[in-house]
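Counting starts at 1 for both ligands and their atoms, in listed order.
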Amino acid sequence: MERPIRLRRSILSVPANREKMVRKALSLSADVIMLDLEDSVPVDEKEKARHAVVEALMASGWKGRVRAYRINDMSTPFAYRDLVDVVEEAGPWLDVIVVPKVNDPAEIKAIDYWLTQMEMRLGLTKKIGLEASIETAQGMLRVGEIAVSSPRLEALVFGIADYGASVGMPSGGISGHGDAEDQEAARLRWLFPLSRMAMAAKAAGLAALDAPFGDFRDPQGLARSCAMSRALGYDGKWAIHPDQLDVINQVFTPSDDDVARSRRIVAAYEAARARGEGSVAVDGKMVDAASVRLAQVTVKVAEAARR
Ligand code: 1VU
Ligand code: MG
C-alpha cells in the first residue's frame, strides 16, 4: 500500500464538542485539522462529539487540509464506538485517525482489521490512514514495533504531557508549564524520547510529529520548542490554539535560502555523478549521496508547502 504524501507542519487540535471552535478551525492556516474525541472532551459529551466529528468531516471548506480525528484509547469503553460511528457515517471524507496512548502494536493491528471490514462493507476505495501517539513508557519502549504494525500508519505523534506523567516527571518544564528556570532545566529531558520516536518513525518511512506547547501566550517558548524538534528530524507540531499556527508553519517550512542551497546541492551532485565522481564541494562544504538525500527532503517539503 502506497502511503499518501501529506503536508503536516501544523496540526490543530480542536475539541469536537466545541461547535464554535470546530467552525473556526476551517478558516485557519493549519495543514491538518484534528477533531478531538479524547482528552479535551468530557465523558458525558463523547457521544455528542462523535456526531459533531461526522458533521465536520462532511462539511465543505476544508480546502486541501488533512481531515483527521482522534479516538479514545483502546483501554476505554469509547474507542470502538469512536471508530464505528464516525467511519460508517463519514468514512469517504476521512483521511486519518489518530490513536492515542498506543502501548502495544496489537492495538494498531486490531484497528487495521476493523477498518478493513468497514471499508469493504462501505465499498471505500481510499484507505483510511492511521497515526499512533506515543505517550507512555510502554509505548516508547515498543515504539519500533508499533511503527511497523500496519501499512496504514502514516505518522507517529509524541504526547509530551502523558509521557511525562507515565515516567513520573515533575510537571514544571513540561510543554510550557513552570517558570523559565524549569523550562531551561527541562530541555535535556526531551532529547532522548524525541529522538527515539523520530528514529522509529523515519526507519519505518513515517512522519514524526511533536506534541503541542501548552503555553499558547508564549510564542518565543513555542518557537524554541519547534526549533528543537525540527532539528531532531520532526516534520511538524501540534497546536492547541490558533495563535500558534504561524510560528509552527514558519519553523517547519524550509527558508528560501535553505531551498536555494538544497537545489544547488542536488544540481552539483548530479553534475559530479555525470563525471563519475561521488563527492563535490558546494559553498566550501562536502556534498555526497547523504547530503543529497537531505537536500531532496528540503525541496520536497518546500514544494508541498507552496501548493
Ligand atoms: O475569536 P473567537 O471567539 O471566534 O474564537 C476564540 C476561540 O474559540 C478560538 N479557539 C480555537 N479555535 C479552533 N481550535 C482551537 N483549538 C481553538 N482554541 C481557541 O480562538 C479564539 C481565541 O481563543 P481564546 O484566546 O479566547 O482562547 P480560549 O480561552 O477560547 O481557549 C483556550 C483553550 C486552551 C481552552 C483552547 O484553545 C482549547 O481548548 N484548545 C484545544 C485543547 C485541545 O485540543 N486539547 C487536546 C489536545 S492536547 C493533548 O492531548 C495533551 C497535550
Ligand atoms: Mg495525551
**Item:** No-hydrogen, no-angle side-chain donor-acceptor test under 3.5 Å, Asp36 and Ser40
**Value:** yes
**Asked** With a 3.5 Å cut-off and no angle check, do the side chains of Thr116 and Arg152 form a donor-acceptor pair?
**Response** yes
**Among the N, O or S atoms of Asp162, the one nearest the Mg ion (ligand 2)** = OD2
**Message:** Quick one, Asp235 with Phe252, criterion side-chain contact (heavy atoms from CB on, under 4.5 Å). Give me CA distance, side-chain angles, the key distance, then yes/no.
**Reply:** CA-CA 7 Å; Asp235 300 281; Phe252 286 94; 5.7 Å; no
**Prompt:** Can you pull the residues with any heavy atom under 4.0 Å from ligand 1?
**Reply:** Leu12, Ser13, Val14, Pro15, Lys20, Met21, Lys24, Asp36, Ser40, Arg70, Pro212, Phe216, Arg217, Ile240, His241, Pro242
**Prompt:** Above 12 or not: heavy atoms from other molecules or residues under 6.0 Å from CZ of Arg121?
**Reply:** no
**Complete:** Of all N, O or S atoms in Glu135, the one closest to the Mg ion (ligand 2) is OE1
**Request:** Verify whether one side chain among Thr136 and Gln138 offers a donor that lies under 3.5 Å from an acceptor in the other.
**Result:** no
**Asked** Above 12 or not: heavy atoms from other molecules or residues under 6.0 Å from CD of Glu47?
**Response** no
**Request:** Output yes when a side-chain donor or acceptor of Arg65 lies under 3.5 Å from a complementary backbone atom of Leu28, and no otherwise.
**Result:** yes
